[in-house]
Amino acid sequence: MNLAPHSSENALPDEAGLVRELGMTYHHLPVDFSDPTESDFAAFEDVMAGLRPDGRTLVHCAANFRVSAFYGLYAMKHLGWSAERAEAFRATVWDARDYPAWDALISRLQEAVRNS
């Protein structure tokens, strides 16, 4: 699953074709780094829900910022992770406080998970 737009620096030309040639399923969910949304996360959840439980999944983006944020939120909501564990997971890659749009989105979604 690729969370970066095809226009991202270092994007592979025809990544989908390369992945399919290897016999894997390709999912492209381009998340605008400057404007991540709840619907982006909902699309991520939908793809994750459709994956085989016994399979392996590679999720990537340009620098794993999108991935670590979305996977941490997913793990809170679906795997029982605490907010602290999700924050620690993401903090190994980046600090969302440096990116206000992401900090706000993560805070909103964490609050929604806590209230569900």
Side-chain angles (χ1 to χ4, degrees):
M1 180 183 336
N2 179 5
L3 301 182
H6 288 304
S7 60
S8 292
E9 185 177 338
N10 299 321
L12 295 173
D14 193 23
E15 180 175 337
L18 293 170
V19 169
R20 288 186 185 111
E21 282 180 21
L22 295 170
M24 297 183 290
T25 303
Y26 181 76
H27 299 279
H28 185 224
L29 304 173
V31 177
D32 180 350
F33 190 79
S34 64
D35 188 26
T37 66
E38 285 89 348
S39 62
D40 291 329
F41 178 68
F44 176 82
E45 281 185 291
D46 288 345
V47 171
M48 293 293 286
L51 298 174
R52 290 184 16 212
D54 61 338
R56 293 183 181 181
T57 303
L58 170 66
V59 184
H60 78 91
C61 59
N64 285 329
F65 287 17
R66 296 168 182 91
V67 173
S68 57
F70 278 9
Y71 190 80
L73 290 163
Y74 177 85
M76 277 183 66
K77 188 170 180 182
H78 299 280
L79 304 176
W81 283 19
S82 66
E84 294 76 22
R85 183 173 178 188
E87 291 289 327
F89 175 77
R90 194 188 71 253
T92 63
V93 180
W94 66 300
D95 188 344
R97 294 174 298 183
D98 294 336
Y99 302 89
W102 279 94
D103 194 36
L105 176 70
I106 291 165
S107 294
R108 284 192 310 272
L109 290 172
Q110 284 181 340
E111 187 62 27
V113 169
R114 284 188 201 102
N115 292 329
S116 62

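Quick note: residue numbers are just sequence positions, from 1.
Atom CZ of residue Arg90 and atom OG1 of residue Thr92 lie 9.5 Å apart, to the nearest 0.5 angstrom. Here the straight-line distance linking atom CG of Asp40 with atom CD of Glu45 works out to 12.0 Å at 0.5 Å rounding. Here the CG-CG distance, from Asp95 to Asp103, works out to 8.0 Å after rounding to the nearest 0.5 Å. Rounded to the nearest 0.5 Å, atoms OG1 (Thr25) and CZ (Arg52) are 9.0 Å apart.
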- [ ] Could you check His27 against Leu51 for side-chain contact (heavy atoms from CB on, under 4.5 Å), going step by step and ending with a plain yes or no?
- [x] CA-CA 11 Å; His27 299 279; Leu51 298 174; 4.2 Å; yes
Task: Verdict with reasoning, Ile106 to Glu87, per side-chain contact (heavy atoms from CB on, under 4.5 Å) - done: CA-CA 10 Å; Ile106 291 165; Glu87 291 289 327; 3.9 Å; yes
TODO: With side-chain contact (heavy atoms from CB on, under 4.5 Å) as the test, would you mind laying out the steps for His78 and Met48 before giving the verdict?
DONE: CA-CA 10 Å; His78 299 280; Met48 293 293 286; over 6 Å; no
- [ ] Before giving the answer on side-chain contact (heavy atoms from CB on, under 4.5 Å), spell out for Leu3 and Phe65 the whole-Å C-alpha distance, their side-chain angles and the decisive distance to 0.1 Å.
- [x] CA-CA 10 Å; Leu3 301 182; Phe65 287 17; over 6 Å; no
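The shortest heavy-atom contact between Ala86 and Gly72 is CB-O, 3.5 Å. Looking at every heavy atom in both residues, Thr37 comes nearest to Ser39 through OG1-OG, 2.9 Å. For the pair Glu15 and Tyr26, the tightest heavy-atom approach, listed with the atom from each and the gap, is OE2-CE1, 3.4 Å. Listed here is the closest heavy atom pair of Met76 and Ala83: SD-CA, 3.7 Å.
For the pair Arg66 (side chain) and Val31 (backbone), a donor-acceptor distance under 3.5 Å is present. In terms of modelled atom types and a separation under 3.5 Å, the side chain of His28 and the main chain of Ala4 share a donor-acceptor contact. Side-chain N or O atoms of Ser8 include none that pairs as donor or acceptor with a backbone N or O of Ala11 at under 3.5 Å.
In the hydrophobic clustering of this structure, Phe44 groups with Val93; members are Ile, Leu, Val, Met, Phe, Trp, Tyr whose side-chain heavy atoms approach within less than 4.5 Å, directly or through other members. One hydrophobic cluster, built from ILVMFWY side chains closer than 4.5 Å, holds both Leu79 and Val67. Connection of Phe89 to Leu109 is established within a shared hydrophobic cluster, with ILVMFWY side chains joined at heavy-atom distances below 4.5 Å, either directly or through further cluster members. Under the 4.5 Å side-chain heavy-atom criterion for grouping Ile, Leu, Val, Met, Phe, Trp and Tyr, Val47 is not connected to Met24 through any hydrophobic cluster. Residues Leu58 and Tyr71 are members of separate hydrophobic clusters, defined by side-chain heavy-atom contacts under 4.5 angstrom among Ile, Leu, Val, Met, Phe, Trp and Tyr.
In this structure the side chain of Tyr74 reaches within 4.5 angstrom of the side chain of Phe41, judged on heavy atoms.
Between Phe70 and Trp102, the two ring planes are tilted [angle within 30° to 60°].
Using a 4.0 Å cut-off between charged nitrogen and carboxylate oxygen, Arg108 and Glu111 do not count as a salt-bridge pair.
Heavy atoms from other residues, nucleotides or ligands lying under 6.0 Å from CZ of Arg56 number 12 at most.
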